[in-house]
Each structure stands twice: as structure tokens, then as C-alpha cells.
2 protein chains.
Amino acid sequence: MTPPTTPPSNTRAIPCEKCPLRSSGHFRDFENDEELAFVSHFKRGELLAEARSTLFVEGTNSPHLYTVISGWGFRYKTLQDGRRQILNYVMPGDFVGLQASLMREMQHAVECLSDMRLCLFERSRLMELYSRNPSLGFDITWIAARDERILDEHLLSVGRRTAVERTAYLLAYIQARAKAVGLFEGDDVDITPLTQQHLADTLGLSLVHTNKTLRKLQDLKVIAWREAGVRVLDIDRLCDIAGWQGLPDEKRPFV
Amino acid sequence: MTPPTTPPSNTRAIPCEKCPLRSSGHFRDFENDEELAFVSHFKRGELLAEARSTLFVEGTNSPHLYTVISGWGFRYKTLQDGRRQILNYVMPGDFVGLQASLMREMQHAVECLSDMRLCLFERSRLMELYSRNPSLGFDITWIAARDERILDEHLLSVGRRTAVERTAYLLAYIQARAKAVGLFEGDDVDITPLTQQHLADTLGLSLVHTNKTLRKLQDLKVIAWREAGVRVLDIDRLCDIAGWQGLPDEKRPFV
DNA sequence: CGTGGAATTGACTAAGGTCAAAGTTAGTGG
DNA sequence: CCACTAACTTTGACCTTAGTCAATTCCACG
């Protein structure tokens with residue numbers, strides 16, 4: 001529950017023209033200069049949050065909306081007695097805080113895994129974005145629909161896949177998403193900040209059982225659990241075990 | 001897998017002015033005549049689908065988008081070997097087929113529980129809606145964000161709640177949603193077309209265990225399983241068992 | 001070294017799944 | 001009105017998966 005901190009900063013906000021998401025090649029760039037100009041005008045600053053800090057607290061509201069520029073984190077919900085369910089991971093290009101913007105308040109929390117850089121917008125101006133640049137509004141809907149599709153798959157996983165299938169799916173999923181935005185260097189997932197407890201809370205399994213399930217996958221030689229994270233040795237096999245097709249690889253928009 | 005059928009019809013499409021969703025009092029009506037006019041222009045017809053028919057098949061695409069006018073159904077995904085996970089229920093005011101409109105194809109199927117009447121739009125004109133009437137576009141995003149929030153809660157449920165809590169949540173959820181749109185007459189859920197198999201596939205439990213769990217809830221006198229569905233005897237207690245706050249009761253938009 | 005947060009493991013328990021059989025109910029056709 | 005089905009619901013017996021508890025081991029770090 002460490003509050004988000006804005007580091008002392010020798011850091012300066014990145015102008016949208018130079019937004020790393022544009023040049024990464026993983027996203028569909030703005031359609032035209034007008035869109036770029038509009039987003040520039042919409043952007044109000046940046047948030048630099050440290051690993052382990054909490055970006056949003058469940059049940060609160062926030063006047064801000066963010067697009068993740070770099071780093072990653074996760075969204076989760078908890079039951080009164082502390083049981084926690086991780087809902088999804090947020091990675092570069094993801095929109096954070098849309099729910100809080102549209103509904104009264106956020107029904108989930110968001111926590112950073114690594115240091116994160118986020119592009120900050122004011123939610124009060126969201127409607128303006130829709131009016132002045134409808135195609136950006138359309139893109140936001142697109143992003144929301146994509147998040148929903150991912151949740152569908154998670155729900156299928158937690159509801160119907162066995163522990164091994166589910167774990168295989170989760171690792172494949174994280175690997176695929178991270179790779180799609182170039183989150184980690186190299187080919188293997190540098191899952192570093194993620195503990196087995198995180199995986200367990202995502203999978204809906206206990207910590208102990210998660211550990212034993214990971215071992216099974218290691219014995220099958222499809223992953224290797226390392227000092228600094230998991231190495232995915234055989235993504236195809238992993239998808240195969242999970243019965244998962246992987247992510248569609250289309251360029252996606254961001255705002 | 002019965003294909004959707006369009007009954008012979010003594011039925012005529014309802015003009016938007018007389019849309020029952022407007023007069024039901026459960027939704028926020030159009031802001032002004034312009035919106036109404038635009039939606040009218042956007043509407044391309046109606047689909048009357050019979051109970052048990054499949055509206056969308058997993059993995060296919062469709063040129064149409066729908067708003068549910070009456071009746072209800074459910075969205076689901078399946079694994080290769082047939083294991084099925086029901087993701088959510090669609091009820092009046094819900095948008096169906098947005099994913100297929102934005103992504104290449106629908107990753108889930110939709111099946112009717114009761115006869116349904118749906119308002120039909122063409123997905124090729126969706127962008128036009130955003131451009132010509134941004135606030136309707138905004139509403140669609142709102143609806144998508146709401147769906148996502150519901151999925152978050154389901155995921156928490158399936159991942160972390162016990163069988164009894166989960167079942168209590170599900171029944172409370174269906175009751176609350178149905179009530180919020182006046183789906184059933186009277187106070188108790190006329191869950192008629194829904195079998196325990198449906199509940200099981202939603203809960204991520206086996207049929208047998210679902211049955212035993214329902215019995216526990218009956219023994220607690222919070223529900224009663226009847227010929228024609230479940231009667232929710234004590235919604236507060238149900239929410240309490242589930243540790244669920246219920247749905248926010250704000251008027252919601254529809255398109 | 002000493003500490004604290006992960007990761008591991010083994011032993012035991014419990015929640016939930018599988019199987020099989022029987023009871024209900026609504027619908028069909030005679 | 002009555003047998004006959006088919007689809008659901010219920011139950012009991014037994015099995016498997018996953019959870020709980022309690023140590024232990026590993027490391028990174030001060």
C-alpha cells in the first residue's frame with residue numbers, strides 16, 4: 001500500500017511526438033498529425049511510479065486516467081478476509097483507470113510490479129476526446145473490448161482448466177503479451193518482480209499447489225524457473241498444453 | 001446449435017421512439033431528439049431469436065451488432081474437449097457482438113435462454129456512430145467498461161470464493177440484474193430456462209456439486225428451487241454470504 | 001554472519017469431481 | 001387418460017485434486 005511516488009526527477013515528460021510507444025513498432029501509430037496534436041493536447045503529464053507502489057486503491061475514485069508507457073503491474077480485487085484475485089496484468093499501451101472514469105469508482109486496485117511510467121490524462125476531458133476526435137474514442141472502445149476478451153479467456157481458464165493447463169496458459173499469456181510490446185529483453189520472460197504468490201493469486205490456486213504445478217511444467221521441460229524469473233523454453237508446447245491459440249497478432253491502437 | 005430463426009412474423013420492427021427500453025424506466029433515455037434520430041437511422045432491423053438458438057458461434061464473424069430489447073441469453077467459451085465456461089448473461093440493454101465488430105472475430109458464443117428480440121445494427125457503420133454522435137460512442141465505451149467490471153467480479157468469484165459463496169453470488173447477481181431491467185415478473189427469479197448445468201458451467205463447478213451447494217443454500221432458507229426456477233428468499237443474506245455489495249444502481253445508457 | 005522474503009517439500013485434510021442409480025416432470029403419441 | 005421418453009434433479013459412495021500446516025532450504029542483502 002505504498003503510495004505512488006513521483007521520483008525527484010531528472011526526468012522530464014516525454015512529448016507525444018517522441019512517445020516510445022509510437023516508435024516501438026508494436027502499435028498502430030496515429031492516423032495523422034491531427035490525432036497526434038490532439039493527444040498531445042490531451043496529455044497532462046506523467047506519473048512515475050515505483051515498483052510495488054499502489055496506483056489505485058479498490059473502491060476509490062481518481063481524476064486521472066493513464067496509458068502505460070513503460071513497466072508493468074497488475075489489477076486485482078480482494079475479498080474482505082484478504083483473499084486476492086489478480087484479474088489481469090497491465091503493460092505498455094494499456095489504459096488504466098477507465099472504469100473509475102466512467103463509473104463512480106474503481107472496483108479493483110492496481111499495483112506496480114516494476115517501476116512504471118504512465119502518461120496522465122484528466123478524466124474530465126474524456127468526453128471532449130470523443131467529440132473532438134471520434135476515432136480516438138473508437139480506439140478506446142477497442143482497447144476496452146480487447147481487455148474484455150482477455151478476461152473471458154482468464155475466466156475460462158480459472159473456471160475450467162486444470163491446474164497444469166491453467167498455469168501453462170498463464171505463462172504463455174504473459175510471455176506472449178510481454179513479447180508483443182517488447183517488455184523484456186531477450187526471449188525469455190524476465191518475470192523477476194513476480195513471485196509464485198502472484199501466479200497463485202492469478203490462477204486461483206494456493207501457493208503450494210502453484211509451486212508443485214510449476215515443478216511439473218519444469219519436469220516436462222517447457223519452462224525453467226530461474227533466479228531472475230521464468231524462462232519459457234517451449235511456448236508452442238505451453239499453448240498446446242493449455243489448449244490456447246495465443247494472442248492475435250494485429251497492430252493495436254493506443255491513445 | 002439451432003440457427004437463429006426469424007419467426008414468420010405478425011411482428012413488425014419497433015420504431016426507436018417506442019423502444020421499450022426507453023419507457024421501462026431502467027435506462028437513461030436519449031439526451032435529445034438528435035440522438036434518438038441518429039439511433040433510428042442507425043438501426044437496421046430486428047432479430048427475433050428463439051430460446052435455445054445460437055446467436056453467435058465461437059470463432060466466427062458477423063456483420064451485425066445487437067442491442068438486446070427483450071429476453072435473455074448467455075455468452076460462453078468452450079475448450080476443445082467440450083468443457084464449457086459461461087462468461088456472462090446478456091439481458092435487455094446489453095450490447096452483443098461488439099468484440100466481433102472490433103476484432104477480427106468473436107472469441108465466444110452467445111446462446112438464447114428465452115426468446116429474444118434484438119435491435120440490429122451494421123457493424124460497418126459503427127465508426128460513423130462515433131463520428132456523428134460522439135456521446136453515443138461514449139456510451140458504448142461505458143457499456144463495455146461495465147461488462148468488464150462484471151467480469152472482474154466473476155473472476156474473483158470463480159478464482160477465490162468457495163462453492164457456497166460463489167453460488168450465492170451468482171444467484172444474487174442474476175436476481176439483481178434481472179430486477180434492474182424488469183426481466184422477470186414479480187420478485188423471484190423465474191430462472192426457468194436455466195438448468196443447474198448452466199449454473200455449474202458459470203460457477204466452474206461440476207453439476208453434482210452445484211446441486212449439493214444449492215441444497216445447502218436451500219437449507220439455509222435463502223433460496224428455494226422451484227418447478228419454475230429459483231426463488232430468492234433473502235437477497236441480503238445471499239449478498240452477505242457471498243461478500244458481495246450488489247450492483248450499483250445508477251441509470252445506465254443504452255444504444 | 002544474521003535476517004527476511006521466496007521457494008520447496010512432505011504429510012495430512014478437505015473441497016470438489018466422477019460414477020452410477022433413482023426419482024421427477026413435462027411432453028408425445030396412442 | 002396413460003404408457004413412454006428425454007431431460008433434469010437428487011443422492012450416495014468413492015476418488016482426485018487442491019488446500020493447509022509445518023518445516024527446511026535458498027538467497028540477496030545489510
Side-chain angles (χ1 to χ4, degrees), chain A residues 1-2 51-52 79 81-86 111 113 157-171 189-219 223-231 241, chain B residues 1-2 50-52 79 81-86 111 113-114 157-171 189-219 223-231 241:
Chain A
M1 284 292 178
T2 327
R52 287 158 180 280
L79 255 15
D81 63 3
R83 279 173 285 175
R84 174 175 78 167
Q85 177 65 40
I86 293 182
E111 188 176 315
L113 282 166
S157 203
V158 176
R160 289 297 181 213
R161 282 196 246 251
T162 63
V164 170
E165 292 168 348
R166 221 185 280 190
T167 305
Y169 160 71
L170 179 59
L171 295 176
V189 180
D190 173 23
I191 224 172
T192 317
L194 207 63
T195 64
Q196 294 187 359
Q197 184 67 63
H198 287 111
L199 294 180
D201 285 349
T202 312
L203 295 166
L205 296 174
S206 70
L207 174 60
V208 174
H209 198 66
T210 299
N211 179 282
K212 288 171 181 169
T213 306
L214 287 169
R215 174 144 309 283
K216 283 185 191 169
L217 290 174
Q218 279 191 75
D219 293 347
I223 63 161
W225 188 267
R226 298 290 177 82
E227 343 64 63
V230 211
R231 174 187 290 257
I241 292 172
Chain B
M1 282 292 180
T2 326
E50 286 182 357
R52 286 157 180 280
L79 256 14
D81 64 3
R83 279 172 285 174
R84 176 176 76 167
Q85 177 66 41
I86 293 182
E111 188 175 315
L113 283 166
S114 66
S157 204
V158 176
R160 289 297 180 213
R161 284 196 244 251
T162 64
V164 171
E165 292 168 348
R166 222 185 280 191
T167 306
Y169 160 71
L170 179 59
L171 295 175
V189 181
D190 173 22
I191 223 173
T192 317
L194 207 63
T195 65
Q196 294 187 1
Q197 184 68 64
H198 287 112
L199 294 180
D201 286 348
T202 313
L203 295 166
L205 296 175
S206 70
L207 173 60
V208 174
H209 198 66
T210 299
N211 180 281
K212 288 172 182 168
T213 306
L214 286 169
R215 174 144 308 285
K216 283 185 191 166
L217 289 174
Q218 279 191 76
D219 292 347
I223 63 161
W225 188 266
R226 297 290 176 83
E227 342 65 62
V230 211
R231 174 186 290 258
I241 292 171

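Order of the sequence lines sets the chain letters (A, B, ...), proteins ahead of strands, with each chain counted from 1.
Side-chain contact check for A:Leu214 versus A:Leu171: some heavy-atom pair is nearer than 4.5 Å. A 4.5 Å side-chain heavy-atom check between A:Arg166 and A:Thr213 finds every atom pair outside the cut-off. A:Asp81 places none of its side-chain heavy atoms less than 4.5 Å from the side chain of B:Arg160.
Residue B:Arg160 contributes atom CZ, which lies 16 Å from atom C1' of C:dG16 at whole-angstrom precision. Put simply, CG on A:Leu113 is 15 Å from C1' on C:dA6, counting in whole angstrom units. In this structure, NE2 of A:His209 is placed 19 Å from P of C:dC12, rounded to the nearest angstrom. When the C1' atom of C:dG16 is taken as reference, atom CG of B:Asp201 falls 15 Å away, rounded to whole Å. The nearest whole Å value for the distance from the NZ atom in B:Lys212 to the C1' atom in D:dG12 is 7 Å. Protein atom NZ of A:Lys216 is 14 Å distant from nucleotide atom C1' of C:dT9, rounded to whole Å. Rounding to whole angstrom units, CG of residue A:Leu207 and C1' of D:dA18 are separated by 13 Å. Rounded to whole Å, the distance from CZ on A:Arg83 to P on D:dG19 is 12 Å.
The two residues A:Ala168 and A:Ile241 have their closest heavy-atom pair at CB-CG2, 3.8 Å.
With C:dT18, C:dG16, D:dT20 as the choices, the nucleotide that has an atom nearest any side-chain atom of A:Val208 turns out to be D:dT20. Counting only heavy atoms from C-beta on, A:Asn211 has its side chain closest to C:dA7 among C:dG17, D:dT20, C:dA7.
Atom OG1 of residue A:Thr167 and atom CG of residue A:Leu203 lie 4.5 Å apart, to the nearest 0.5 angstrom. With values rounded to the nearest 0.5 angstrom, B:His198 atom NE2 is found 6.0 Å from B:Glu111 atom CD. Between atom CD of residue B:Gln197 and atom OG1 of residue B:Thr210 there is a gap of 8.0 Å, rounded to the nearest 0.5 Å.
At the heavy-atom level, B:Leu214 lies nowhere under 4.0 Å from the strands shown.
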Pairs under 3.5 Å (N/O, protein and nucleotides 5-8 of chain D):
{"residue": "D:dC8", "atom": "OP1", "partner": "B:Arg52", "partner atom": "NH2", "Å": "3.3"}

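Distances shown here put every side-chain N or O of B:Arg215 at or beyond 4.0 Å from the OP1 or OP2 atom of D:dT9.
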